[in-house]
Engineer: 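Here's a structure for you.
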Amino acid sequence: MADEAVAEHPAEPAAPKAKDARAPEAPRGGARGDDNAKDAPDAPGSSDASDAADAEAAEREKERERAADRFKDRTRDPLAEEQGEEEPTDAAAATRARRSGQKLLASGRDLIGFDRSDVGRLHIGDINIGLDARRSGLSMRDGPVPEEELLRIRRTHIEPEGYVRLRRALEARRLLVLGGAPGTGRASTALALLEEVTRDGESGQNAERVRRADPERGVRELAAQVVAGEGGRLRGTGYLLEPALDRPGTLPPDGMDLDQLASALAERGSYAVVVVSVGSAANPLLAGRYGAICPPAPTRELVAVRLRKRLEEEHGDPVRVGGGGSARDGDGGGGLDGHADRDRDGGRDEGRARGGDQGGDRPRGGGPDEAGSLSRLLERAAELREDPEVTEAVGLDDLRPAEAELFASLLAGHLLGSVGREELLSGCRGLAAVQAYEWFAGVDRALAAPPPGDGRAPVRSGTAALFHPVAFRIALAVLGGASHSAVSAAAHLLTWELSVQSDPDSTPARPLFCDDPESDLALSRARPADGPVDVAGAEVTGRLIFYRGAALPAAVLAELWDRHFPVRAPVVRWLRLLADDPRPQVSMRAAVAAGELSVRDFEHGYAELVRPLAEAPTPRRRVFAATALDQAAGHASHRRAVRKVVEDWSRHGTPALRWTAAMALGYGRSADSMDDTLDALARIGVRDDGEQLAVASLNVVRLLTLPECATVLRRLADWTGHRGEEYQDLALVSIVRLALTDVDEVLDDEPGTPLGDRGDWPLLLALAATRPELTGKLADLFWTALNTARSRDVAFDALETLLRSASRKDGREWTREGLAALLPALTAEEHDRRRLDWLLQRMMRDQDRPLTEERARALWRLAVPARQRRSDEEESHG
């Protein structure tokens with residue numbers, strides 16, 4: 001029964017000689033079994049029974065208490081200096097935000113080796129193709145669309161979802177205002193609609209049955225042109241108009257203007273499609289009776305049609321236009337592709353080809369060998385299109401018509417041997433670069449141009465409306481993955497900075513009710529998604545926003561920094577504002593982007609962003625600078641420069657620069673080796689009586705999440721036996737901080753790794769559970785902190801925190817696995833078990849959070865194996 005009693009109940013604690021709140025005195029020494037270690041913390045002092053000796057002992061006790069207070073100060077969070085002692089920092093949120101930003105701006109994606117000296121036309125291998133759909137759309141003004149272009153539209157146009165509804169609306173009202181983002185094929189869809197509705201009309205045999213209208217004339221001028229009808233010669237004509245609504249001073253047409261145009265069109269039996277960009281200027285038009293949104297064509301079908309066309313051209317087998325040119329009337333007749341037409345709301349006709357791969361037209365001519373060869377090429381093309389390396393190089397979730405044309409040309413060229421593998425991948429990487437170029441090329445030229453129709457001076461009052469779309473794209477590149485509201489707010493800040501830079505003599509207008517989230521998404525190729533947002537240390541569900549393609553964020557930043565030098569000044573001011581944002585999802589993502597920009601021009605990034613913020617008085621700005629430096633160190637081309645900067649700061653820098661260097665070292669990439677990293681942190685931590693010991697110890701703990709964890713533990717053990725008290729304190733503070741720091745506050749790994757799956761565990765217990773070969777070293781180091789006078793109280797508080805983490809409030813298991821690994825190694829000696837017993841009973845007597853007897857027994861069983869419990873009982877009973 002004695003055995004049972006010992007097994008079921010913690011042993012009675014030895015009565016402490018001091019007050020009850022203090023743990024029992026422990027044997028002195030730097031390591032277990034080495035009570036005579038001269039250089040260990042708190043080497044034993046002499047004592048005797050004389051009054052002088054008692055006074056001396058009392059003074060030593062007071063000094064130990066003062067040392068304990070100083071030690072406790074050094075274990076506080078160094079990142080919370082500006083927030084107050086008791087205010088916790090969102091270290092875990094900052095780590096997650098940095099990790100998310102790095103995923104969107106992965107090293108190597110930004111340094112695109114692509115020649116964009118003439119982005120309007122691209123030459124790869126023997127492929128020469130135009131890309132800039134925006135400019136080509138304006139190349140023919142106020143003139144007929146050639147029949148060859150209409151024929152090409154009939155053969156290759158891929159209908160977006162809802163195409164039949166658009167056609168029926170055009171047929172019923174004669175006028176359609178078609179909205180979409182530039183480059184999505186909206187003009188191609190408009191031409192396809194006009195070609196179809198005019199094919200069997202009054203101008204069916206007229207070579208000028210579809211015309212482009214001058215975008216500078218506007219809706220009223222087009223109505224007058226329709227009424228005039230070229231002297232009555234034009235009837236049943238289809239007009240395509242793309243008004244320039246984004247120019248300052250240009251007013252969109254109102255409802256009466258559209259009604260007047262529709263009436264004129266009906267009188268002449270004609271049709272018109274007005275193509276506009278989604279946005280605040282066009283929203284009233286799209287919301288009216290004539291308005292409709294043009295969705296983009298499906299990427300797979302778009303690429304398949306373009307690819308088949310390229311391969312058939314190489315084989316001399318042009319795509320046949322079926323149906324004899326009869327109109328689509330839904331009666332099963334031929335139509336553009338020789339297929340019956342059905343409303344997409346009711347389902348597509350089964351016989352209609354998707355992407356030109358199924359059913360429908362077949363290439364004319366060619367024997368079985370040619371057909372077989374083409375079939376094999378198409379199969380290889382489908383495999384190549386899904387190649388992971390090719391998909392990663394493209395980096396876009398969906399392709400627009402011009403992009404699909406280039407992608408198909410590259411695939412066809414590679415299959416036919418005219419384009420090598422590297423040329424193929426380089427061309428694919430260039431797709432995102434071309435999109436970024438088009439987004440920013442000549443955005444502010446409209447500010448210098450007078451309004452259409454008169455000779456007045458340029459109007460600059462529309463700078464905010466003009467710059468907001470590009471500001472949103474930049475903000476999304478920097479803050480992608482953050483909440484939509486955070487990105488939008490940052491975009492408005494940048495809009496202000498851009499407007500002031502463009503016109504410093506005027507105060508730019510700040511529109512308050514012009515935001516249109518759907519327009520922002522369409523104009524920036526963005527997508528929303530529900531996901532977690534960190535708020536005050538807790539995660540809530542929010543609306544996040546991302547680019548539709550992993551390559552776009554880096555491409556936008558590269559285009560911005562490499563080709564538009566005047567914009568750097570407002571962007572730098574904006575990034576400094578983001579560095580002060582209290583939300584980690586903003587400041588840390590901005591820091592990662594600042595590091596990527598610095599890689600593109602390290603001299604400028606260091607002088608304008610890194611160095612000024614590294615010397616800032618607030619920790620938040622210094623963390624920003626350290627994160628930017630580490631991001632630059634992730635590039636092999638800049639690693640040496642970053643390491644030289646960090647080393648100089650750690651040796652010769654001001655206190656602020658040394659603090660920043662310590663934070664950069666904690667990422668593990670700012671020194672040549674782990675030993676060099678630890679040397680630099682020790683140099684920072686022990687200088688000036690340990691003034692920056694807190695930040696140095698924090699970054700020592702961060703290094704324990706890296707694969708070289710064993711090296712860090714070895715150095716900590718060396719420091720505990722160092723002759724200098726500052727080195728001992730660095731080790732002791734790091735050990736205590738190791739027990740108080742949760743994994744997700746310092747870990748860069750995603751969930752799914754052994755440590756990543758234990759994000760809310762104390763790092764000490766997570767390491768003990770996942771790295772059993774390190775358990776002995778971890779226990780020895782923590783035992784040293786528990787048995788050193790100045791660190792004992794804080795270490796005991798940390799041990800209590802670890803014990804309480806064994807199970808959650810609802811009784812579910814939490815860190816029990818880690819405690820089961822650590823506690824037996826920590827309580828190998830009888831004195832250690834007595835001390836644990838004392839702590840468990842103190843926890844049971846805690847008035848605020850009493851530990852239940854059942855949980856205390858469970859913890860005792862974890863710490864003291866059954867065999868050891870029996871041995872202790874036998875010894876206690878003689």
Side-chain angles (χ1 to χ4, degrees), residues 94-111 478 553-554 557-558 561 575 579 587-616 619 621-653 656-684 695-696 698-709 711-712 746-750:
T95 300
R96 285 190 289 269
R98 173 177 172 270
R99 188 168 59 221
S100 176
Q102 287 182 319
K103 286 175 61 179
L104 296 180
L105 295 171
S107 297
R109 275 251 40 135
D110 58 333
L111 301 177
V478 172
L557 295 184
W561 219 241
L575 287 173
S587 59
M588 293 303 290
R589 283 183 171 87
V592 171
E596 288 296 311
L597 294 176
S598 297
V599 169
R600 308 206 70 85
D601 187 347
F602 193 72
E603 177 190 22
H604 188 272
Y606 177 80
E608 297 295 328
L609 279 170
V610 175
R611 178 61 185 258
L613 295 182
E615 293 187 298
R621 285 196 161 199
R622 298 198 294 266
V623 169
F624 183 100
T627 303
L629 270 179
D630 174 74
Q631 188 67 18
H635 297 260
S637 57
H638 289 69
R639 194 167 299 145
R640 182 177 178 182
V642 170
R643 290 175 176 177
K644 181 64 167 61
V645 167
V646 173
E647 182 181 5
D648 288 346
W649 287 358
S650 69
R651 291 183 181 275
H652 314 297
L657 290 179
R658 295 199 304 274
W659 195 99
T660 305
M663 291 301 301
L665 288 164
Y667 291 114
R669 296 191 292 195
S670 295
D672 292 335
S673 67
M674 181 58 70
D675 280 322
D676 290 337
T677 300
L678 293 166
D679 287 341
L681 286 172
R683 190 162 52 242
I684 294 170
V695 70
L698 170 64
N699 288 283
V700 170
V701 171
R702 293 171 65 198
L703 296 173
L704 286 166
T705 64
L706 302 180
E708 302 91 338
C709 177
T711 302
V712 181
V746 291
L747 183 67
D748 285 337
D749 290 347
E750 292 281 359

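Along the sequence shown, residues carry numbers from 1. For clarity, every value in this text was computed on a predicted model and none was experimentally measured.
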Engineer: So how far is it from Thr660 OG1 to Arg611 CZ, rounded to the nearest 0.5 Å?
Structural biologist: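 Result: 10.0 Å between the selected atoms.
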Engineer: Could you tell me whether the side chain of Thr711 reaches within less than 4.5 Å of the side chain of Leu703, counting heavy atoms only?
Structural biologist: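 Answer no - side chains too far apart.
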Engineer: Which atom names give the shortest non-hydrogen contact between Phe624 and Ser587, and what distance separates them?
Structural biologist: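 Heavy atoms of Phe624 and Ser587 come nearest at CD1-O, 3.5 Å.
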Engineer: Within this structure, what is the CG-CG distance for the pair Leu665 and Leu678, rounded to the nearest 0.5 Å?
Structural biologist: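 The CG atom of Leu678 is 9.0 Å from CG of Leu665, to the nearest 0.5 Å.
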Engineer: After noting the C-alpha distance and the side-chain angles of Asn699 and Val695, does the key distance pass the side-chain contact (heavy atoms from CB on, under 4.5 Å) rule?
Structural biologist: CA-CA 6 Å; Asn699 288 283; Val695 70; 3.7 Å; yes
Engineer: Could you check if a side-chain atom of Leu557 sits within less than 4.5 angstrom of a side-chain atom of Val478, using non-hydrogen atoms only?
Structural biologist: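 They are in contact (side-chain heavy atoms under 4.5 Å apart), so the answer is yes.
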Engineer: With a 4.5 Å limit on heavy-atom distance, are the side chains of Leu597 and Leu575 in contact?
Structural biologist: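 Answer yes - side chains close enough.
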Engineer: So which of Glu596, His638, Arg98 actually passes side-chain hydrogen bond (donor to acceptor under 3.5 Å, both in side chains) with Gln631?
Structural biologist: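 Filter result, single survivor: Glu596.
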Engineer: State, with a plain yes or no, whether a side-chain heavy atom of Lys103 is found less than 4.5 Å away from one of Ser100.
Structural biologist: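 When only atoms from C-beta onward are counted, Ser100 and Lys103 do not touch, as no gap falls below 4.5 Å.
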Engineer: Is Arg600 close enough and on-axis enough to Trp561, meaning under 6.0 Å and within 45°, for cation-pi?
Structural biologist: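 The answer is no, since Arg600 fails at least one limit relative to Trp561.
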Engineer: Side-chain contact, heavy-atom cut-off 4.5 Å: Ser670 with Leu629?
Structural biologist: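 When only atoms from C-beta onward are counted, Leu629 and Ser670 do not touch, as no gap falls below 4.5 Å.
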Engineer: Any side-chain heavy-atom pair from Ser650 and Arg658 closer than 4.5 angstrom?
Structural biologist: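 When only atoms from C-beta onward are counted, Arg658 and Ser650 do not touch, as no gap falls below 4.5 Å.
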Engineer: Does the side chain of Met663 reach to within under 4.5 Å of the side chain of Arg702, using non-hydrogen atoms?
Structural biologist: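 Met663 reaches Arg702 side chain to side chain.
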Engineer: Please lay out, stage by stage, how Met674 and Leu706 fare under the test side-chain contact (heavy atoms from CB on, under 4.5 Å).
Structural biologist: CA-CA 10 Å; Met674 181 58 70; Leu706 302 180; 3.9 Å; yes
Engineer: Write down the atom of Ala632, the atom of Val599, and the distance for their closest heavy-atom approach.
Structural biologist: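 Taking every non-hydrogen atom into account, CA-CG2, 3.7 Å.
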Engineer: Could you state the interatomic distance from OG (Ser598) to NE2 (His635), rounded to the nearest 0.5 Å?
Structural biologist: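 Those atoms lie 10.0 Å apart.
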Engineer: Test Arg643 against Arg640 for side-chain contact (heavy atoms from CB on, under 4.5 Å), laying out the working first.
Structural biologist: CA-CA 5 Å; Arg643 290 175 176 177; Arg640 182 177 178 182; 5.8 Å; no
Engineer: Measure across Ala625 and Val610 and return the closest heavy-atom pair with its distance rounded to 0.1 Å.
Structural biologist: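 The pair with the smallest heavy-atom distance is CB-O, 3.5 Å.
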Engineer: Just how far is it from atom CZ of Arg683 to atom CD of Glu647, taken to the nearest 0.5 Å?
Structural biologist: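 Those atoms lie 6.5 Å apart.
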Engineer: Taking Asp676 for its side chain and Ala671 for its backbone only, find out whether a donor-acceptor pair lies under 3.5 Å.
Structural biologist: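 Looks like no, no N/O pair under 3.5 Å.
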Engineer: Evaluate the side-chain contact (heavy atoms from CB on, under 4.5 Å) criterion for residues Thr95 and Leu747: first the C-alpha distance (whole Å), next the side-chain angles of each, then the deciding distance (0.1 Å), finally the verdict.
Structural biologist: CA-CA 7 Å; Thr95 300; Leu747 183 67; 5.6 Å; no
Engineer: Please find the pair of heavy atoms, one from Ala662 and one from Ile684, that lie closest to each other, and give the distance.
Structural biologist: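 So the two residues come closest at N-CD1, 3.8 Å.
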Engineer: Check each of Asp630, Thr677, Thr627 against Tyr667 using the side-chain hydrogen bond (donor to acceptor under 3.5 Å, both in side chains) test, and report the only one that passes.
Structural biologist: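 With Tyr667 as partner, side-chain hydrogen bond (donor to acceptor under 3.5 Å, both in side chains) holds for just one option, Thr627.
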Engineer: Compare all side-chain heavy atoms of Asp672 with those of Arg639 and state whether any distance is below 4.5 angstrom.
Structural biologist: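 No, too far: nothing below the 4.5 Å cut-off.
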Engineer: Would you mind checking if Asp648 and Lys644 are paired as a salt bridge, meaning a charged N to carboxylate O distance below 4.0 Å?
Structural biologist: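 Salt bridge: yes.
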Engineer: To the nearest 0.5 Å, what is the distance between CD (Glu615) and CH2 (Trp659)?
Structural biologist: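 The CD atom of Glu615 sits 14.0 Å away from the CH2 atom of Trp659.
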